[in-house]
Amino acid sequence: MPDLAVLDATAQAELVRRRELTPAELVDAAIARLERLNPQLNAVIHPALDRARAAATSPNLPDGPFRGVPFLMKDIGGAEAGQPYHAGMRFLKDAGWKETLDAYLTLRFRGAGLISLGRTSTPELALLPTTEPAAYGATRNPWNLAHSAGGSSGGSASAVAAGIVPAAHASDGGGSIRGPASMCGLVGLKPTRGRCSFGPGLGERWSGFSAEFVVTRSVRDTAALLDVAAGPMPGDPYFAPPPAQPFATTARIAPGKLRIGVLHGGPRGLPLHEECAAAVQNAATLLRDLGHEVTDEYPDALDDHEHVMAYVGVVAANVARALDSWGQKVGRPIGPDDVEYLTWTMADRGRAITAAEHLANLEYVHGFGRRLAAWWEGGYDLLVTATQAATPPEIGELTSTADEPLRALMLSAPYGACTLPFNLSGQPAVSLPLHWTKDGLPIGVQLIAPYAREDLLLQASTQLEQAAPWSRRKPPIHG
């Protein structure tokens with residue numbers, strides 16, 4: 001049997017298609033890796049192994065493009081009927097909450113033939129760039145167990161990087177796909193706003209900041225899975241324009257000479273760690289060597305300090321609503337002892353925001369997005385930045401206390417500064433694993449395209465993957 005832990009989802013699906021392996025053999029091998037590695041990583045918190053084995057041997061397993069390929073779902077979004085859904089919350093864990101409906105995205109993944117082995121850990125309500133919820137403990141980075149796998153899709157990223165599964169569901173409200181991808185050496189694409197449905201449970205999440213998709217180990221998997229996940233569903237309040245051709249096809253086409261701007265520091269003058277700065281410089285050099293026009297230009301709007309405060313205000317309002325909503329579903333109000341210090345403080349802040357102030361924040365956000373978009377309309381195809389301004393933090397570094405409930409959020413600034421502006425604008429952005437520190441920790445580089453231009457990101461990413469391949473790199477903790 002080939003070493004399945006190093007094969008991407010496309011390669012594993014091809015083994016099934018050629019009848020070299022069965023779905024059951026793929027799933028059994030993935031379960032063996034999960035049982036061996038997860039005790040060290042704490043990535044998968046709701047294993048559903050019997051269900052996965054049953055799906056792999058079912059005559060009703062869909063004959064989709066990823067038939068039989070093992071997969072994981074993040075434990076926020078991607079609801080699965082009959083399965084736990086705790087969103088990192090001890091409140092929902094204690095209530096034993098299970099979902100009653102499948103999300104549309106879940107149905108799309110399942111219809112493609114993917115087989116979920118369970119659900120992965122996330123920080124409480126996806127609020128931090130590290131996955132260390134009080135409810136489930138810390139998820140660790142397979143490149144160095146002392147370090148975080150990122151957040152909020154840390155469980156998914158840890159499992160994919162370790163080779164348990166080739167791809168996993170993820171979501172991104174301020175960098176929660178791109179950050180874990182950067183910390184774990186993966187490809188992490190945040191799609192355009194409205195590209196993937198939040199239905200039927202929600203029309204949008206975090207007032208349009210959040211997007212759902214996956215983390216993977218290859219650009220071709222990212223492209224093919226976007227074809228699976230993308231597209232409007234009944235009742236969606238808005239959706240991104242469909243591509244002219246499948247993303248998997250587009251990703252294989254050379255983009256021609258692109259005009260690319262580079263931000264060598266962080267937004268608002270935030271300094272970059274020297275390893276993050278080196279990653280950006282190396283990527284810029286590589287893109288120039290590939291024949292693109294690369295200049296040290298970036299949107300002036302990124303230096304606007306107000307966008308961070310507007311972001312925090314909108315998220316706080318959504319946290320307040322989330323606590324009210326979950327309390328109503330479970331049947332009792334959520335109090336300060338039911339959630340973490342940061343969560344309660346954010347909800348308090350959200351409750352203090354008036355409806356008029358919330359609408360003013362949204363008006364600012366939309367204006368900020370237009371100012372960002374104007375830079376691309378001025379003739380640029382892509383922007384290159386660091387994915388994060390700091391290297392992966394150690395476990396326990398980004399924490400709050402009763403006396404300092406906002407401490408974790410304040411310390412998290414370097415991990416979201418480069419990513420959250422594009423949650424406000426709704427533009428697609430991808431983190432690529434193009435650099436490793438002297439100590440062997442991955443560092444991602446971010447590419448951002450205009451609204452609905454994932455095709456440009458995928459084409460440039462394919463070029464970079466071919467010029468500086470990362471697939472041969474494996475972390476010390478690996479399948």
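For reference, positions follow the sequence shown, starting with 1.
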Student: Applying the side chain to side chain contact (heavy atoms under 4.5 Å, CB included) test to Leu447, which of Thr387, Asp381, Leu383, Val384 qualifies?
Tutor: Val384
Student: Report yes or no: does Arg193 contribute a side-chain atom to a donor-acceptor pair with the main-chain N or O of Leu424 at less than 3.5 Å?
Tutor: yes
Student: Can you tell me if Gln12 uses its side chain to pair, donor with acceptor, with the backbone of Leu4 under 3.5 Å?
Tutor: yes
Student: Could you walk me through whether Asn318 and Ser207 satisfy the side chain to side chain contact (heavy atoms under 4.5 Å, CB included) test, starting with their C-alpha distance in whole Å, then the side-chain angles of each, then the deciding distance to 0.1 Å, before giving a yes or no?
Tutor: CA-CA 8 Å; Asn318 279 270; Ser207 300; 3.1 Å; yes
Student: Ignoring hydrogens, what is the shortest heavy-atom contact between Ser121 and Thr139? Give both atom names and the distance.
Tutor: CB-OG1, 3.6 Å
Student: Would you check if there is a donor-acceptor pair between the side chains of Gln446 and Ser431 at a distance under 3.5 Å?
Tutor: no
Student: So if I apply the side chain to side chain donor-acceptor pair (under 3.5 Å) rule between Asp75 and each of His46, His86, His169, which one comes out positive?
Tutor: His46
Student: State whether the side chain of Glu124 and the backbone N or O of Ala87 hold a donor-acceptor pair below 3.5 Å, judged by distance alone.
Tutor: no
Student: So Ile334 and Met89, do their side chains get closer than 4.5 Å, heavy atoms only?
Tutor: yes
Student: What I want to find out is whether Lys438 reaches Glu275 closely enough, with some N-O distance under 4.0 Å, to be called a salt bridge.
Tutor: yes
Student: Show your reasoning for whether side chain to side chain contact (heavy atoms under 4.5 Å, CB included) applies to Val219 and Leu189.
Tutor: CA-CA 9 Å; Val219 176; Leu189 171 69; over 6 Å; no
Student: Is Tyr85 reaching over with its side chain to a backbone N or O of Gly77, donor-acceptor style, under 3.5 angstrom?
Tutor: yes
Student: Take Thr216 and Thr222 through the test side chain to side chain donor-acceptor pair (under 3.5 Å) and record every step on the way to the result.
Tutor: CA-CA 6 Å; Thr216 74; Thr222 295; 2.8 Å; yes
Student: List the steps and the verdict of side chain to side chain donor-acceptor pair (under 3.5 Å) for Glu297 and Thr295.
Tutor: CA-CA 6 Å; Glu297 302 287 343; Thr295 60; 5.3 Å; no
Student: Write down the atom of Ala149, the atom of Gly154, and the distance for their closest heavy-atom approach.
Tutor: CB-O, 3.6 Å
Student: If I compare all heavy atoms of Ala43 with all of Asn38, which pair ends up nearest, and what's the gap?
Tutor: N-OD1, 2.9 Å
Student: Return the orientation label for the His307 and Phe368 ring planes: parallel under 30°, perpendicular over 60°, tilted otherwise.
Tutor: parallel
Student: Would you call Asp304 and Arg371 a salt bridge, using N to O less than 4.0 angstrom?
Tutor: yes
Student: So if I apply the side chain to side chain contact (heavy atoms under 4.5 Å, CB included) rule between Val339 and each of Leu342, Thr343, Asp337, which one comes out positive?
Tutor: Thr343
Student: Are Asn423 and Asp172 close enough that a side-chain donor and a side-chain acceptor fall under 3.5 Å?
Tutor: yes
Student: What I want to check is whether the side chains of Thr419 and Lys190 have a donor and an acceptor closer together than 3.5 Å.
Tutor: no
Student: Taking all heavy atoms of Pro442 and all of Cys184, pick out the closest pair and write down the distance.
Tutor: CG-C, 3.7 Å
Student: Quick check: does any side chain N or O of Arg90 sit under 3.5 Å from a backbone N or O of Ala135, one acting as donor and the other as acceptor?
Tutor: no
Student: Parallel, tilted or perpendicular: which describes the rings of Phe109 and Phe71, with under 30° parallel and over 60° perpendicular?
Tutor: tilted
Student: Minimum heavy-atom separation for Leu411 to Glu397, with atom names?
Tutor: CD1-O, 3.5 Å
Student: Under a 3.5 Å threshold, yes or no: a donor from one side chain and an acceptor from the other, between Gln463 and His292?
Tutor: yes
Student: Side-chain contact, heavy-atom cut-off 4.5 Å: His264 with Asp296?
Tutor: yes
Student: Would you say the side chains of Arg407 and Thr399 form a donor-acceptor pair under 3.5 Å?
Tutor: yes
Student: Using only atom types and a distance under 3.5 Å, with no angle test, would you say the side chain of Arg178 pairs donor to acceptor with the backbone of Val430?
Tutor: no
Student: After noting the C-alpha distance and the side-chain angles of Trp436 and Trp143, does the key distance pass the ring pair (Phe, Tyr, Trp, His ring centres under 6.0 Å) rule?
Tutor: CA-CA 10 Å; Trp436 271 256; Trp143 293 91; 5.6 Å; yes
Student: Counting distance only, does the side-chain N/O of Ser148 pair as donor-acceptor with the main-chain N or O of Gly150 below 3.5 Å?
Tutor: yes
Student: When rounded to the nearest 0.5 angstrom, what distance separates CG in Leu270 from CG in Leu263?
Tutor: 10.0 Å
Student: So do Ser158 and Pro142 actually touch side chain to side chain, heavy atoms under 4.5 Å?
Tutor: yes
Student: Take Ser176 and Ser171 through the test side chain to side chain donor-acceptor pair (under 3.5 Å) and record every step on the way to the result.
Tutor: CA-CA 6 Å; Ser176 290; Ser171 58; over 6 Å; no
Student: Can you find a side-chain donor-acceptor pair between Gln427 and Ser425 that sits under 3.5 Å?
Tutor: yes
Student: Under a plain distance cut-off of 3.5 Å, with no hydrogens placed, do Asp8 and Ser218 share a side-chain donor-acceptor pair?
Tutor: yes
Student: Taking the six-membered ring for Trp, are Tyr311 and Phe209 parallel (under 30°), tilted (30 to 60°) or perpendicular (over 60°)?
Tutor: parallel
Student: Taking atom CZ as the centre, does Arg351 end up with more than 12 heavy-atom neighbours from other residues, nucleotides or ligands that are less than 6.0 angstrom away?
Tutor: yes
Student: Would you please classify the geometry between the Trp375 ring and the Tyr380 ring as parallel, tilted or perpendicular, with 30° and 60° separating the classes?
Tutor: parallel
Student: Side-chain contact test, heavy atoms from C-beta onward, threshold under 4.5 Å: evaluate it for Leu128 versus Leu398 and give yes or no.
Tutor: no
Student: Give the intermediate values and the outcome of side chain to side chain contact (heavy atoms under 4.5 Å, CB included) for residues Asn282 and His435.
Tutor: CA-CA 8 Å; Asn282 292 343; His435 187 78; 3.7 Å; yes
Student: Find out whether Lys74 and Ser152 are in side-chain contact, i.e. whether some heavy atom of one side chain is under 4.5 Å from a heavy atom of the other.
Tutor: yes
Student: Let me confirm one number: the SG-CG distance from Cys418 to Leu272, rounded to the nearest 0.5 Å.
Tutor: 6.0 Å
Student: Show your reasoning for whether side chain to side chain contact (heavy atoms under 4.5 Å, CB included) applies to Met183 and His147.
Tutor: CA-CA 9 Å; Met183 292 189 197; His147 288 261; over 6 Å; no
Student: Using a distance-only test with no angle check, is there a side-chain donor-acceptor pair under 3.5 angstrom linking Gln40 and Arg140?
Tutor: no
Student: In the structure I gave you, are the side-chain heavy atoms of Leu441 and Asn144 within less than 4.5 Å of one another anywhere?
Tutor: yes
Student: Heavy atoms, side chains only, cut-off 4.5 Å: are Thr192 and Glu454 in contact?
Tutor: yes
Student: Within a 6.0 Å radius of atom OH on Tyr341, are there more than 12 heavy atoms belonging to other residues, nucleotides or ligands?
Tutor: no
Student: Could you check Phe198 against Trp206 for ring pair (Phe, Tyr, Trp, His ring centres under 6.0 Å), going step by step and ending with a plain yes or no?
Tutor: CA-CA 11 Å; Phe198 278 100; Trp206 281 12; over 10 Å; no
Student: Does CG belonging to Asp300 count more than 12 external heavy atoms closer than 6.0 Å?
Tutor: no
Student: Between the main-chain N or O of Val160 and the side-chain N or O of Arg217, is there a donor-acceptor pair closer than 3.5 Å?
Tutor: yes
Student: Which atom pair, heavy atoms only, marks the closest approach of Val315 to Met346?
Tutor: CG1-CE, 4.0 Å
Student: Do the side chains of Pro428 and Pro191 get nearer than 4.5 Å, heavy atoms only?
Tutor: no
Student: Is the backbone of Cys196 close enough, under 3.5 Å, to the side chain of Glu212 for a donor and an acceptor to pair up by distance?
Tutor: no
